[in-house]
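The next block holds one structure in the form of structure tokens; read it before the comments.
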Amino acid sequence: MSVFQTLCRQDDGVPFFMEIINRKQRMASLARKLRRENKTIGFVPTMGALHEGHLKLVEEARQMCDVVIVSIFVNPTQFNDKKDLEKYPRDLTSDAALLTEYQVDYIFTPDEEEIYPDGFSTYVYVENLTETLEGASRPGHFRGVATVVTILFNTIRPDFAFFGQKDAQQVAVIRRMTADLGFDTEIVVVPIVREETGLAMSSRNALLSADERQRASIIYKGLREAKLAARNGERNAAILAEIVRKTIETEPLAQVDYVAAVNNETLEPVEKIGESAVLIAVAVRFGKVRLIDNTVLNRRQ
Ligand code: PAF
């Protein structure tokens with residue numbers, strides 16, 4: 001049996017079923033049925049190890065859509081280091097328990113062979129956006145992301161798909177891909193959820209020591225300083241990026257990988273905050289853990 005149902009409680013006490021689906025065909029036929037019933041489908045793709053950042057996406061989907069589907073699939077093609085893939089935390093029981101609290105209707109959690117059957121050889125490569133920033137240190141990463149999201153979109157054909165702003169480059173890649181391949185899915189981007197210290201929520205935060213986790217809040221401080229400077233009239237992108245770098249470098253444990261000021265859509269370097277929004281994106285290492293974060297600056301800042 002590839003499907004099982006969990007009885008869940010709703011706020012109003014009315015029970016409902018959350019179904020866990022492993023088979024792509026079953027997921028596709030269910031989604032077809034939902035569309036025939038004129039239900040709007042909200043889709044949240046994840047790799048599991050859920051934290052408050054993911055739950056915010058689910059909350060947003062719950063508010064906007066009749067039916068919420070969350071996928072949990074640790075996608076091998078987006079890992080360029082095999083050890084990272086093996087180490088990736090997997091705990092379906094606790095993820096499913098969390099999702100029942102948020103009244104998710106379906107969890108789609110296929111095996112690797114369901115997504116990448118024997119002989120699989122078609123990949124989605126989004127030009128221009130995928131070689132810089134994260135792409136530079138993770139070759140092939142975005143090809144893996146674009147490929148799996150294409151397969152998931154084709155299976156579910158959601159009305160809305162929810163992604164976190166924390167992965168700003170992923171958002172740019174998915175938006176481009178959705179437009180280019182003509183998916184009938186609206187991409188909804190949900191703001192970054194932060195810990196009390198300001199550190200952006202991420203599955204990787206669990207790999208930091210308590211001390212590192214505290215110190216890593218310097219990343220947010222750097223981004224805030226840049227926002228403040230922009231608000232005070234600074235328009236020069238290089239100066240704003242330098243403010244971020246200098247602030248982060250006051251923390252001895254932080255090793256800045258990059259601070260970039262780029263166009264929020266094309267990810268091309270920019271010189272000034274002008275008509276279009278500027279993404280200040282950073283990657284910083286704390287020991288073996290690499291953290292990313294960002295802020296978007298525009299003329300109104
Ligand atoms: O952001 C993630 O967790 C993954 O990149 C995604 C979108 C689920 C694709 O595997």
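In listed order, ligands and their atoms are each counted from 1. Residue numbers start at 1 and run along the sequence shown.
- Per-residue contacts place Q78 under 4.0 angstrom from the following atoms of ligand 1 (heavy atoms of the residue considered): 4 (C), 5 (O), 9 (C), 10 (O).
- Considering each of M47, Q170, H54, the one bringing a non-hydrogen atom nearest atom 5 (O) of ligand 1 is Q170.
- Rounded to the nearest 0.5 angstrom, T155 OG1 and K24 NZ are separated by 5.0 Å.
- In this view, E234 satisfies the salt bridge (Lys or Arg N to Asp or Glu O under 4.0 Å) rule with no residue, not counting sequence neighbours.
- The atoms of ligand 1 that sit less than 4.0 Å from any heavy atom of P45 are 8 (C).
- Partners of R245 under the side-chain contact (heavy atoms from CB on, under 4.5 Å) rule, at least two apart in sequence or in another chain, are E242, E249, V256, V259.
- Side-chain contact of Y88 with N75: a donor-acceptor pair under 3.5 Å is absent, judged by distance alone.
- The distance criterion of under 3.5 Å between nitrogen or oxygen atoms is not met by D167 with respect to ligand 1.
- Within a 6.0 Å sphere centred on NZ of K56, other residues, nucleotides and ligands contribute 12 heavy atoms or fewer.
- Using a 4.0 Å cut-off to heavy atoms of V148, the atoms of ligand 1 that qualify are 9 (C), 10 (O).
- Near T46, meaning under 4.0 Å from one of its heavy atoms, ligand 1 places the atoms 8 (C).
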